[in-house]
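A quick write-up on the structure given underneath.
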Amino acid sequence: MTEQKVQQQDESQLVAARRAKMDRWAEDLGVYPWGHREDGLTSLADAKAMFDQAAHDAQREEGAEDTRPRVKVAGRCIQHRAMGKLTFLVIRDDSGDLQISCSKAALPEEQFKVAKKLDYGDIIVAEGAVGATQKGEICVWADRFELACKSLVPPPEKFHGLSDTELRYRQRYMDMYSNPETIETFRMRSNIVSSIRAFMDAQQYLEVETPMMQPLAGGAAARPFQTHHNALDMSLFLRIAPELYLKRLLVGGMRKVYEINRNFRNEGVSRRHNPEFTMLEAYQAFGDCETMLTLTEEMIRESAKVVGDPAAISFGEHAIDYSKPFERISYGVLFENATGVSMSDESAVRAKAAELHIAGADKRNHWLLVADLFEEVAEGSIDPSRPTFVTDFPSAISPLTRPQKDDATLSYRWELFIADMEIANAYTELNDPDLQLQLFTEQLEGEDDEVAAFRTLDEDFIHALRVGMPPAGGLGLGIDRLVMLLTGNESIRDVILFPLMRSQETQSDDS
RNA sequence: GAUCGCGUAGCUCAGCUGGUAGAGCACCUGACUUUUAAUCAGGCGGUCUUGGGUUCGAAUCCCAACGCGAUCACCA
């Protein structure tokens with residue numbers, strides 16, 4: 001019934017006019033509006049590149065042989081200028097735009113009629129010589145012109161494009177055909193991901209796929225989505241991280257593994273957060289967090305080359321240089337620079353927290369206050385235009401990380417910050433099963449809010465660690481955010497094809 | 001979840017201190033064989049997001065709901 005409602009809304013005069021035209025063409029000209037297979041198509045960019053000036057000049061002379069290259073092309077009409085016995089139109093595919101010139105003299109009559117009355121948005125196939133107009137516009141001079149698909153929906157404004165953000169996300173197909181830069185962004189995204197895969201494969205990492213539906217949602221602290229398997233009558237969570245499964249693979253004997261796939265977190269949405277987002281996680285046996293640091297820096301530098309000059313990729317106001325070695329500063333130093341107190345000085349930390357009106361300054365765990373203060377004042381002090389590794393995170397907020405040999409309050413963990421965003425996070429993995437069990441247990445005891453309801457001790461993971469996991473380095477890297485940085489998109493929704501939007505159906509159906 | 005902003009034709013947008021709706025593009029009819037957001041002439045197109053309220057009168061002011069955006073919160 002919603003379908004009918006939608007159809008009725010769409011059935012405006014504009015749609016009716018397009019239907020009427022389609023029916024008229026079918027009756028009068030025998031035009032089938034939905035096209036058929038076409039072999040030997042040339043992309044519009046390639047067709048344009050085939051233009052041969054000499055051949056073009058030569059054929060203009062009287063009686064000369066036409067040596068211009070011939071092509072068959074297809075695309076969606078985005079401009080249409082009919083001038084009597086001559087019609088120019090511009091079609092678009094994902095390689096670019098190309099003008100098709102239709103002369104009444106060169107086309108069968110019924111084909112010329114279709115060209116002359118074509119609507120914006122219609123998809124066509126044309127064959128002919130690659131030439132140019134008097135003004136020098138490279139075009140295909142069509143001697144075959146056929147409708148390949150009728151578009152029944154009125155198109156967005158041809159000059160300004162589709163700019164309404166809501167429509168752009170909800171009807172991404174409209175956004176893509178109206179705004180070519182959208183396709184370009186997602187082409188870059190694809191190339192970036194390919195370059196990361198190529199990089200990891202070259203390092204002999206094995207790509208694997210671990211469960212997205214998990215009986216226990218572990219490996220991070222976030223609220224999970226819940227679902228249910230009917231036949232097994234079993235509650236399942238969409239994963240919040242693949243970490244605990246990937247580590248099991250190291251236990252099993254794989255030495256280097258990675259996974260690029262979706263995580264799901266039942267949290268708020270923002271310019272930097274989509275409920276489903278893509279993570280790279282990688283684990284290397286006999287590596288440590290330094291191994292992962294080198295790997296990460298090289299990988300990002302390589303992927304930056306995919307989009308342009310890695311020495312200057314702009315993101316908002318910042319020009320970020322990925323070619324230079326990344327900055328490196330320890331969590332404690334950054335903390336002390338920003339707050340003026342040492343993070344290990346509990347009373348000073350409490351005093352500072354009280355000063356900044358941080359909740360629970362007198363009661364909460366010292367290290368949790370440190371983390372709050374860090375996010376409050378220290379994180380912002382990192383130069384957004386310089387990729388910066390923040391190292392030596394406190395152990396208390398790193399339950400899956402090995403504590404440092406000389407100071408157990410610190411851990412072998414870093415996070416990479418670029419443009420005020422957390423991009424990556426890596427550890428020397430904790431592989432001591434007894435300590436891991438202890439940290440998990442403490443973590444569970446410390447939780448008293450609703451988040452705790454989803455947390456359960458993953459006993460099988462502890463069992464796996466008892467079987468024995470080699471010392472290892474592990475990395476998590478947010479692909480969406482990296483793509484934002486490299487493509488200059490400041491909203492995560494612009495680098496996710498179909499970002500989650502509030503449902504419109506419920507509002508009309510429920511009321 | 002909180003605060004602020006926005007919601008007008010298919011699209012892009014005007015619409016002032018309240019007087020009952022406008023442009024461009026698109027669409028329809030016609031002219032035009034070298035256009036480039038083609039041009040020219042004529043025409044069609046609106047539950048001003050929705051529901052209340054104030055008022056003689058509301059696109060405009062007030063309240064609420066819905067949607068989108070920004071900031072914040074949440075996201076170790």
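Here is the naming used below: chain letters follow the sequence lines, and residue numbers restart at 1 for every chain. From a predicted model like this one, the values you see are computed outputs, not experimental measurements.
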(message) Heavy atoms only, 4.0 Å cut-off, all strands: where does Asp164(A) land among base, sugar-phosphate and nothing?
(response) sugar-phosphate
In Watson-Crick or G-U wobble terms, with both distances under 3.5 Å, the base opposite rA59(B) is none
Of Glu276(A), Met213(A), Arg223(A), the one forming a side-chain contact (heavy atoms from CB on, under 4.5 Å) with Phe264(A) is Glu276(A)
Q) Roughly how far apart, to the nearest Å, are rA65(B) and rA2(B) at atom P? A) 9 Å
Considering only the C1' atoms, how many Å lie between rU20(B) and rA58(B), rounded to the nearest integer? 9 Å
rG18(B) -> Watson-Crick or G-U wobble partner, both distances under 3.5 Å, gives none
Applying side chain to side chain donor-acceptor pair (under 3.5 Å) to Ser103(A) and not counting sequence neighbours gives none
Taking only the C1' atom of each, what is the distance from rU54(B) to rU60(B) in whole angstrom? 13 Å
May I have the list of side-chain donor-acceptor pairs in residues 396-403 of chain A shorter than 3.5 Å, sequence neighbours left out?
from: Ser398(A); atom 1: OG; to: Pro394(A); atom 2: O; distance (Å): 2.9
from: Ser398(A); atom 1: OG; to: Arg413(A); atom 2: NH1; distance (Å): 2.9
from: Arg402(A); atom 1: NH2; to: Asn431(A); atom 2: OD1; distance (Å): 2.9

ask   = If you measure from the P atom in rA59(B) to the same atom in rC16(B), how many Å do you get, rounded?
value = 12 Å
Please work out which of the three classes, parallel, tilted or perpendicular, describes the rings of Phe51(A) and His56(A), given edges at 30° and 60°.
tilted
note: Leu152(A), atom CG; rG10(B), atom C1'; distance rounded to Å ~ 13 Å
*Would you indicate, yes or no, if rA70(B) has its OP1 or OP2 atom less than 4.0 angstrom from a side-chain nitrogen or oxygen of Arg493(A)?*
yes
In Watson-Crick or G-U wobble terms, with both distances under 3.5 Å, the base opposite rC25(B) is rG10(B)
The side chain to side chain contact (heavy atoms under 4.5 Å, CB included) partners of Arg76(A) (sequence neighbours excluded) come to Ile123(A), Ser151(A), Tyr177(A)
5' to 3', nucleotides 24-34 of chain B under a 4.0 Å protein heavy-atom cut-off (B base, S sugar-phosphate only, - none) gives BSBSSS--BBB
**Q.** Distance test, side-chain N/O of Arg502(A) to OP1/OP2 of rG67(B), below 4.0 Å
**A.** yes
- Task: For Gln99(A), report the nucleic acid contact type (base, sugar-phosphate, nothing); a contact means any heavy atom under 4.0 Å.
- Result: base
List, one per line, each side-chain donor-acceptor pair under 3.5 Å for residues 370-382 of chain A, sequence neighbours excluded.
from: Asp372(A); atom 1: OD2; to: Arg364(A); atom 2: NH1; distance (Å): 2.6
from: Ser381(A); atom 1: OG; to: Ala378(A); atom 2: O; distance (Å): 2.6

When rounded to whole Å, the CE to C1' distance for the pair Met174(A) and rC11(B) reads 9 Å
From CZ of Arg168(A) across to P of rG7(B) the rounded distance in Å is 19 Å
Sequence neighbours excluded, the answer for side chain to side chain contact (heavy atoms under 4.5 Å, CB included) partners of Glu127(A) is Arg70(A), Lys72(A), Asp143(A), Arg144(A)
Tyr169(A) OH to rC68(B) P, in whole Å, measures 12 Å
How about Ser178(A) and Arg168(A): does a side-chain donor come under 3.5 Å of a side-chain acceptor? no
Across every strand shown, the nucleotide meeting Watson-Crick or G-U wobble geometry with rA31(B) (both distances under 3.5 Å) is rU39(B)
Span that lies between the P atom of rG43(B) and that of rC61(B), in whole angstrom: 34 Å
Under 4.0 Å, heavy atoms only, any strand: does Phe393(A) hit a base, just the sugar-phosphate, or nothing?
nothing
Using nucleotides 71-74 of chain B, report all nitrogen or oxygen pairs with the protein that are shorter than 3.5 Å.
from: rU71(B); atom 1: OP1; to: Arg271(A); atom 2: NE; distance (Å): 3.2
from: rU71(B); atom 1: OP1; to: Arg271(A); atom 2: NH2; distance (Å): 3.4
from: rU71(B); atom 1: OP2; to: Arg271(A); atom 2: NE; distance (Å): 3.2
from: rC74(B); atom 1: O2'; to: Arg223(A); atom 2: NH2; distance (Å): 3.2
from: rC74(B); atom 1: O2'; to: Glu267(A); atom 2: OE1; distance (Å): 3.2
from: rC74(B); atom 1: O2; to: Gly268(A); atom 2: N; distance (Å): 3.2

Separation of rG67(B) atom C1' from Arg170(A) atom CZ, nearest Å, is 7 Å
When rounded to whole Å, the CD1 to P distance for the pair Ile492(A) and rC75(B) reads 17 Å
Atom CZ of Arg364(A) and atom P of rA76(B) are separated, to the nearest Å, by 13 Å
NA contact type, Ala396(A), heavy-atom cut-off 4.0 Å: base, sugar-phosphate, or nothing?
nothing
Met176(A) CE to rC11(B) C1', in whole Å, measures 19 Å
Suppose you measure atom C1' in rC27(B) against the same atom in rG46(B); what distance do you get, rounded to whole Å? 16 Å
*Between rU17(B) and rU29(B) - P atom distance, rounded Å*: 43 Å
Take a 6.0 Å sphere around CD of Gln53(A) and say whether it holds more than 12 heavy atoms from other residues, nucleotides or ligands. yes
Of Ser101(A) and Leu162(A), the one whose nearest nucleotide on RNA chain B sits closer to the 5' end is Leu162(A)
Mate of rG69(B) across any strand shown (Watson-Crick or G-U wobble, both atom pairs under 3.5 Å) is rC4(B)
Sorted by chain and residue number, the side chain to side chain donor-acceptor pair (under 3.5 Å) partners of Asp392(A) (sequence neighbours excluded) come out as Gln404(A)
ask   = With respect to the phosphate group of rG69(B), does any side-chain polar atom (N or O) of Thr165(A) fall under 4.0 Å of OP1 or OP2?
value = no
Residue set satisfying side chain to side chain donor-acceptor pair (under 3.5 Å) with Thr428(A), at least two apart, ordered chain then number -> none
inquiry  = Under 4.0 Å, heavy atoms only, any strand: does Leu167(A) hit a base, just the sugar-phosphate, or nothing?
reply    = sugar-phosphate
* Stepwise, does the side chain to side chain donor-acceptor pair (under 3.5 Å) test hold for Lys247(A) with Tyr283(A)? -> CA-CA 7 Å; Lys247(A) 285 182 181 174; Tyr283(A) 293 84; 5.4 Å; no
Rounded C1' spacing from rU8(B) to rA21(B) in Å: 9 Å
